[in-house]
Amino acid sequence: MLNIVLFGPPGAGKGTQSKMLIEKFKLIHLSTGDILRNEIKNKTSLGLQAKELMDHGKLVPDDVVINMIKSILKKNLNSNGFIFDGFPRTKEQALSLDQLLENQDTSISAMISLKVEDEELIKRLLERGKDSGRADDQSTEIIANRIEEYNNKTAPLKLYYNEQKKLHEISGLGSISKITSRLNLVINSL
Ligand code: AMP
């Protein structure tokens, strides 16, 4: 299986690039943010629990996202692999993901981290907020919370994957197709 963690701060382009990669490599796109937004749309108890935190740019509890991932992994074990988008976001999540994959005799192939500086992220997220309808894209204050959560809890995961020689960092600047080419280069070298 080809299991890629597509990594980077909010607004780095993970969702956009995931769409390109799932087509080319026939992978399953697993975005915890998308799944949570769907739960909110369907007014499930999980959605109601997560909404307040998400609207303020805070991470939802680890056990909530880990359980979501667990059930989706189970249903797709015959696939070519997964693109993990927005997951893992904490060390706890990364450890659980490794365990879940190991139980299925597979593992993370690579973490590819998209590098974009804060000023550009804020610009992109505010622009997206004009039509995304997402509460967390609407204000600089909430965006700042999301970037802070990323820097404090998520960015350290680069070390975790680097220790396993799985970290690949690329620039997230430039046209969508240029960034896709950079990702393809990394994946084809695995
Ligand atoms: P995203 O669409 O990946 O930017 O995620 C939007 C929001 O969903 C985040 O700001 C968090 O509140 C929540 N979320 C998504 N994925 C995770 C995760 N792996 N762990 C904790 N919270 C998450």
Side-chain angles (χ1 to χ4, degrees), residues 3-22 27-73 82-101 108 111-118 120-158 160-161 172 179 183:
N3 298 312
I4 306 286
V5 174
L6 191 53
F7 197 74
K14 302 186 294 293
T16 305
Q17 291 301 328
S18 292
K19 289 193 193 105
M20 318 300 277
L21 296 179
I22 53 167
L27 302 172
I28 307 278
H29 182 201
L30 226 160
S31 156
T32 40
D34 284 352
I35 300 166
L36 287 165
R37 280 184 289 278
N38 207 36
E39 297 281 335
I40 292 174
K41 204 172 96 196
N42 293 327
K43 299 195 167 59
T44 66
S45 62
L46 194 156
L48 292 174
Q49 198 190 327
K51 187 177 183 330
E52 188 70 14
L53 289 163
M54 289 173 73
D55 283 354
H56 290 92
K58 300 285 179 193
L59 294 188
V60 306
D62 286 333
D63 58 333
V64 172
V65 280
I66 291 166
N67 283 328
M68 284 175 2
I69 291 282
K70 208 185 272 181
S71 69
I72 297 174
L73 278 182
F82 298 90
I83 297 271
F84 296 97
D85 162 6
F87 180 90
R89 262 178 155 101
T90 62
K91 183 84 180 278
E92 183 74 32
Q93 294 179 20
L95 291 170
S96 295
L97 178 60
D98 278 350
Q99 189 60 58
L100 288 172
L101 293 174
I108 291 298
M111 166 194 263
I112 313 181
S113 175
L114 298 170
K115 214 173 149 177
V116 178
E117 54 283 350
D118 288 0
E120 172 71 14
L121 296 173
I122 296 164
K123 203 174 91 190
R124 286 185 189 180
L125 290 170
L126 288 173
E127 189 59 35
R128 183 174 77 183
K130 287 182 189 160
D131 39 40
S132 73
R134 282 177 55 169
D136 60 350
D137 282 345
Q138 304 296 327
S139 85
T140 43
E141 198 189 326
I142 299 169
I143 290 171
N145 283 345
R146 292 165 69 193
I147 295 175
E148 196 182 311
E149 288 278 79
Y150 173 80
N151 287 332
N152 290 340
K153 299 177 182 165
T154 308
L157 287 182
K158 282 195 256 181
Y160 177 73
Y161 288 94
I179 300 164
L183 286 163

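One-based numbering along the sequence shown. Both ligands and their constituent atoms are indexed starting at 1 by order of listing.
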Non-hydrogen atom of Arg134 closer than 4.0 Å to ligand 1:
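The answer is yes, since Arg134 has a heavy atom less than 4.0 Å from ligand 1.
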
Does any N or O atom in [X] lie less than 3.5 angstrom from one in ligand 1, N or O only?
X	answer
Val60	yes
Gly86	yes
Arg37	yes
Asp34	no

Identify the protein heavy atom lying closest to [atom], giving its residue, its atom name and the separation to 0.1 Å.
atom	answer
atom 5 (O) of ligand 1	Arg89 NH2, 3.5 Å
atom 14 (N) of ligand 1	Leu36 CD1, 3.6 Å
atom 16 (N) of ligand 1	Thr32 OG1, 2.8 Å
atom 20 (N) of ligand 1	Gln93 NE2, 3.0 Å
atom 8 (O) of ligand 1	Met54 CE, 3.3 Å
atom 11 (C) of ligand 1	Lys58 O, 3.6 Å

Under 4.0 Å, heavy-atom basis, I'd like to know which part of His56 is in contact with ligand 1: side chain, backbone, both or neither.
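Neither; no heavy atom under 4.0 Å.
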
With a 6.0 Å cut-off on the ring centroids, do Phe7 and Tyr150 count as close?
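Ring centroids of Phe7 and Tyr150 are less than 6.0 Å from each other.
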
Interfacing atoms of ligand 1 (cut-off 4.0 Å, heavy-atom, Arg146)
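What qualifies from ligand 1 is 4 (O).
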
